[in-house]
Amino acid sequence: MLNTTRTTFKLRNVEFRNRVFVASGTFGYGDEVRNIFPYEKLGGIITKSLSLKPRAGNPPPRIVETSSGVLNSIGLANIGVEAFIHAKLPVLRTLNTSIITNIAASSVDEYCAVLERLESVNGVHAYEINVSCPNVKEGGLNFGTSATMVATITKELRRRTEKPLIVKLTPNVTHIADIARAAAHEGADAVSLINTLIGMAIDVHTRRAKLSTVTGGVSGPAIKPIALAKVFEVSKAVSIPVFGIGGIATVHDALEFLLAGASAIQVGTMNFVDPLIAVRIADGIDEYCRINNIEDVGMLVGSVNANLSNSILQTWL
Amino acid sequence: MLNTTRTTFKLRNVEFRNRVFVASGTFGYGDEVRNIFPYEKLGGIITKSLSLKPRAGNPPPRIVETSSGVLNSIGLANIGVEAFIHAKLPVLRTLNTSIITNIAASSVDEYCAVLERLESVNGVHAYEINVSCPNVKEGGLNFGTSATMVATITKELRRRTEKPLIVKLTPNVTHIADIARAAAHEGADAVSLINTLIGMAIDVHTRRAKLSTVTGGVSGPAIKPIALAKVFEVSKAVSIPVFGIGGIATVHDALEFLLAGASAIQVGTMNFVDPLIAVRIADGIDEYCRINNIEDVGMLVGSVNANLSNSILQTWL
Amino acid sequence: MLSTTAHIIGKNKISETLYILMLECPAITRSAKAGQFVMIRVNSHSIEPLLRRPFSISWIDGDYFEILLQVVGGGTRKLSEKDIGDEVEVLGPLGNSFRIDNTFETAILVAGGVGVAPFPILTKELRERGKEVQTFIGARTKSQLYTQHLVNCSVSTDDGTEGFHGTVVDNVRAYLENTEMQKLKLFACGPTPMLKALGVLVHHKKLNCEVSLETEMACGFGICQGCVVQLKDSNKGYALACKDGPNFFIDEIVL
Amino acid sequence: MLSTTAHIIGKNKISETLYILMLECPAITRSAKAGQFVMIRVNSHSIEPLLRRPFSISWIDGDYFEILLQVVGGGTRKLSEKDIGDEVEVLGPLGNSFRIDNTFETAILVAGGVGVAPFPILTKELRERGKEVQTFIGARTKSQLYTQHLVNCSVSTDDGTEGFHGTVVDNVRAYLENTEMQKLKLFACGPTPMLKALGVLVHHKKLNCEVSLETEMACGFGICQGCVVQLKDSNKGYALACKDGPNFFIDEIVL
Ligand SMILES: Cc1cc2nc3c(=O)[nH]c(=O)nc-3n(C[C@H](O)[C@H](O)[C@H](O)COP(=O)(O)OP(=O)(O)OC[C@H]3O[C@@H](n4cnc5c(N)ncnc54)[C@H](O)[C@@H]3O)c2cc1C
Ligand SMILES: Cc1cc2nc3c(=O)[nH]c(=O)nc-3n(C[C@H](O)[C@H](O)[C@H](O)COP(=O)(O)OP(=O)(O)OC[C@H]3O[C@@H](n4cnc5c(N)ncnc54)[C@H](O)[C@@H]3O)c2cc1C
Ligand SMILES: Cc1cc2nc3c(=O)[nH]c(=O)nc-3n(C[C@H](O)[C@H](O)[C@H](O)COP(=O)(O)O)c2cc1C
Ligand SMILES: Cc1cc2nc3c(=O)[nH]c(=O)nc-3n(C[C@H](O)[C@H](O)[C@H](O)COP(=O)(O)O)c2cc1C
Ligand code: FES
Ligand code: FES
């Protein structure tokens, strides 16, 4: 049994303490749990998606429990980049962990404007770009469903920053690997996936949709197998690192994502259930590596014994 | 409280006893439960996908439990159309319910050949076409991911039969409504959805994929919200009836699908847990209608109070 | 907020669907105030239910606190099946507390159904602060009434099996019509239709009223943004029931 | 096959992870034969676990049957927490039965771990049909041994805490080497490595051997096609463990 395992993980010039992160929108701005959370045990925090102007978000009900999952239509409620810089960043700078700011927008210009504003301040270590938003110029077509649009966003943002740029992909597409390749080709340092799957629930008594917006996004353990397949597919398709996200609830789940090809993982919905779960998972990964004499967590990445890389397309369902 | 509710449902010349069916691949050929199943309580049986030649299917392990779901890679194991006609149809003809034969193939010609062979015999009331199969001519590209390929299949099959033709859609696409429209345009009498979502699971101890084929299809309660959103989207996009499928486990779930826009529903994975569940659901729908003074189950169809038909594309996730 | 575990040290069955659970948890009892709540993980090693469930802190005695538990679905049913000695994970204390200040001398507590839960501890704090307390409890039927630790109770039941036959708001309205009181404040908790009816009454009477909301919650501590309550002042947008609430002045919010 | 419910009328704890459950279910006891199994729904109103779990019918006495339950994961743990009086949904009897015919006079039963489960009822049927029975039981350690209703038992433990110190197959091998017997048939049930080792032995000795497989199953009655076992004859492809098995002649299948 090893005494220490190397846990660090690097994107460009930024070294993250380990490979466990908390996912955007599932950990607020990172400061809500300040009095109980050991930040130094985390790879980093991905903050709630920020838009240029504050967004009130969707009317309630916004969140519904489903079988092993959660359906939400928060609508990217956020305080906007200015308030973030003034009210949140000063606190985040004092937390002993890396801060990845997630950006959402409804036009390429808005993505650029938010990133440029954040470039002008200290305290942000990297960016994650949420492309699961409707593009107002294209009649509301979701950016993340088009390789061309994702390429454009990545290209424009890449020109504007030297910091790590992570493009967060939506699973609601036919060929997620194509979208990942577009991002990689335009200089993304990593891709993260998956964002939520589109879902819906109905109250049979009132005959109304349970969410005010009718449809929303499904997350949680229910989507884990789907997320894992997408991570496997994308990690075979691109050579940049992949952040695996989707239903991670246990150390075991996190290991599955690493083995499937994720260089790092993000814990989302399960933070609601146990605000300390990301730390437990980080500790558990270390323990697994020590017990199995693995010197570097990175050695697990993509080590699943499965070479049928085209299985996803060739499956008879 | 009403005494009787109209339950029947018609596609072309075929009247089904009610709107509850058992999904392809989740009820064998329909005869396995012969000594306990009251067939006359069902709308009909959709048989295991049939291909032209027998298919042994994939090596084990083929099936794995996930959170609120099941991941399978049966690989469309089936006895082939000839054996079906000789060994199964004679028995199915004696069961007091409608038989919908599901067809799978790896080329348009094969789809046509299976259908033509079945056209030459008695006992098949309708066809469901499983398009979630790799097209060998297109390097294994899944038929169901291309509106053009689905249009071609539908057109060719439509020319060859007067019986109801139901096209079963895969959810692993960006715009399922486009695929549904292609099928409707070429004369499909209905679409059914969803087939399974691509998924994966890894055994952390052996570091191998849990399925022999690495990836497979996810079904069961976990996917219900995703299926419901797709059914809602498709039922707004086409005017032909929709069969709702995906994680239906209770009467309540079935009602959600009807309200969302499904004209009928299919029970899949839950047949494994309770072979009589489809009957319980059919009875439960009747009871709900009687209690709520609904004269015809059809009145429920699409009656959810949700007119944001474009919510699915406009969602900020 | 603390993330901790609590032992169930007592359990009382009040009716088929109503229980008191006593949870030993000094970390929480030390700092909790009337109006705050906890999030309880019904089954630690289970994804059914996936999310924690919110419960008002109903009473505190030394190292333990009590919750009043009404069985309405799967989560509350499973919690009601726990036994003495079982351990549950608890997050708390959460949310703001009732505001007890010098603007009032008499508190009128108005509870519908399990909405009575936060009032035992509130009664205690009010009395410690020298306030008069009048309590109005409404329930569907007699067996659902819970009045432990409450004072000056006037009960009403929808079916007339006990007390005033009618809604608790009707009972409060009748009381206010026949009483001249100065420096009143109402505290209310219960189903939304009840709060709405009360809102009309207090608006009409220009009374100060604070309500405790039971909005559905995913996290309970401000990180999911799922529990929003619409504020009347449209510039302010939404408040979070779990962090800015669960206690709001009735004229601040849209019910 | 019947879809029915059974009452738990008895429960014995053999070790921390091994239990006997007695299930009253005349519909099943009336027709079940040695080697058959049941699918038990651990929680009727729950999706955790979603699928039923398969268990061998271990013993039948009048209206009740017994299962030997080893706790290995969530489903078996929850089943072990059931109490006398609880009801569970049961499908059964399922699968084929052991073949007891005139090709043999002495049966050698070989069990690894909880693989002993089908042998009590098999022993009874063998003896009713006038067969000699020799039984070999292997377990990890003494506390995991179960020998109720068995005859002529030779036990072995991996840690040597009881009986022969080594694997059950080593124990059988030693026995066969020192014994001259005619008209033998082996019946085996246990983990795959054990069955593989036994396969080598019986192939070498040209013995007739039937194995009971514990392939993972989703439905248990032939409709999911999930439980396939590869047949040696490649023309035949796969067999279903739940319908064509769970009992196969060892030379028919690829382990
Ligand atoms: C701040 C707060 C304090 C609360 N205090 C108490 C208390 O002291 N005692 C008590 O018995 N209950 C209290 N509740 C309500 C309690 O949390 C819910 O009844 C419980 O979460 C339902 O869980 P379930 O799994 O049994 O029901 P589910 O199966 O989840 O739902 C069953 C029904 O209850 C409704 N429901 C679900 N969650 C909530 C919720 N959070 N609030 C209201 N209705 C809900 C659902 O819409 C559905 O109609 C409180 C809720 C909040 C937000
Ligand atoms: C025909 C048949 C008869 C059986 N008879 C008995 C019996 O009499 N007594 C008994 O204790 N067990 C028996 N088993 C095994 C038992 O069904 C499994 O142990 C049980 O399903 C595990 O459920 P779980 O939820 O506790 O474990 P899970 O959490 O599902 O899995 C825990 C571990 O057990 C393994 N496992 C899961 N399902 C099976 C399975 N069906 N077979 C083997 N391993 C599995 C998993 O791979 C995993 O390693 C039998 C299995 C079959 C197929
Ligand atoms: C309530 C909620 C809010 C979310 N908000 C955001 C967000 O603002 N930006 C974003 O990129 N992803 C957001 N997500 C998606 C998560 O970051 C994550 O990709 C997804 O939930 C899948 O992971 P999980 O299953 O672990 O939750 C949100 C998810 C939830 C449940
Ligand atoms: C084990 C298994 C086998 C299946 N086989 C087929 C098949 O042969 N043809 C087909 O069209 N769909 C097949 N399906 C998909 C189901 O018919 C259904 O579309 C899907 O499982 C979603 O419904 P559910 O969640 O209710 O199971 C199969 C599903 C499972 C779980
Ligand atoms: S419940 Fe999560 S923010 Fe209020
Ligand atoms: S377990 Fe389903 S076919 Fe055997």
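Below, read A as the first sequence line, B as the second, and so on, with proteins coming before strands; counting in each chain starts at 1.
Only the side chain of N195(A) has a heavy atom closer than 4.5 Å to any heavy atom of chain B. Only the side chain of V218(B) comes within less than 4.5 Å of a heavy atom of chain A; its backbone N, CA, C and O stay farther away. Only the backbone of A105(A) comes within less than 4.5 Å of a heavy atom in chain B; its side chain stays farther off. Neither the backbone nor the side chain of S73(B) comes within contact range of chain A; no heavy atom of the residue lies under 4.5 Å from a heavy atom of that chain. Proximity to chain A (any heavy atom under 4.5 Å) is shown, for S24(B), by neither the backbone nor the side chain.
Heavy-atom pairs under 4.5 Å with chain B peak, among G25(A), P225(A), G217(A), at P225(A). Interface remark: of the candidates G144(A), P171(A), S106(A), S106(A) forms the most heavy-atom pairs closer than 4.5 Å to chain B. If you tally non-hydrogen atom pairs under 4.5 Å between each of S132(B), G75(B), A104(B) and chain A, the highest count goes to S132(B).
We find the CG-NE2 distance between L141(B) and H175(A) to be 5.5 Å, quoted to the nearest 0.5 Å. Note that CG of L197(A) is 7.0 Å distant from CG of L197(B), once rounded to the nearest 0.5 Å.
Between V173(A) and T174(B), the shortest heavy-atom distance links the atoms CA-OG1, 3.2 Å. Among all heavy-atom pairs drawn from V304(B) and A209(A), the shortest one is CG2-N, 3.9 Å. Between L228(A) and A201(B), the closest heavy-atom pair is CD2-CA, 3.8 Å. Minimum heavy-atom separation, A229(B) to T215(A): CB-CG2, 4.3 Å.
Within the 4.5 Å cutoff, side-chain heavy atoms of V204(B) are placed close to those of L259(A). By the 4.5 Å heavy-atom criterion applied to side chains, S303(A) and R207(B) are counted as neighbours. Within the 4.5 Å cutoff, side-chain heavy atoms of R208(B) are placed close to those of N305(A). For the pair I198(B)/I226(A), no side-chain contact is recorded, criterion being any heavy-atom separation below 4.5 Å from C-beta on.
Of residues 249-258 of chain A, those residues lying under 4.5 Å from chain B by any heavy-atom pair are H252(A), L255(A), E256(A).
Defined by atom type and a distance below 3.5 Å, a donor-acceptor pair is present between the side-chain atoms of S68(B) and S68(A).
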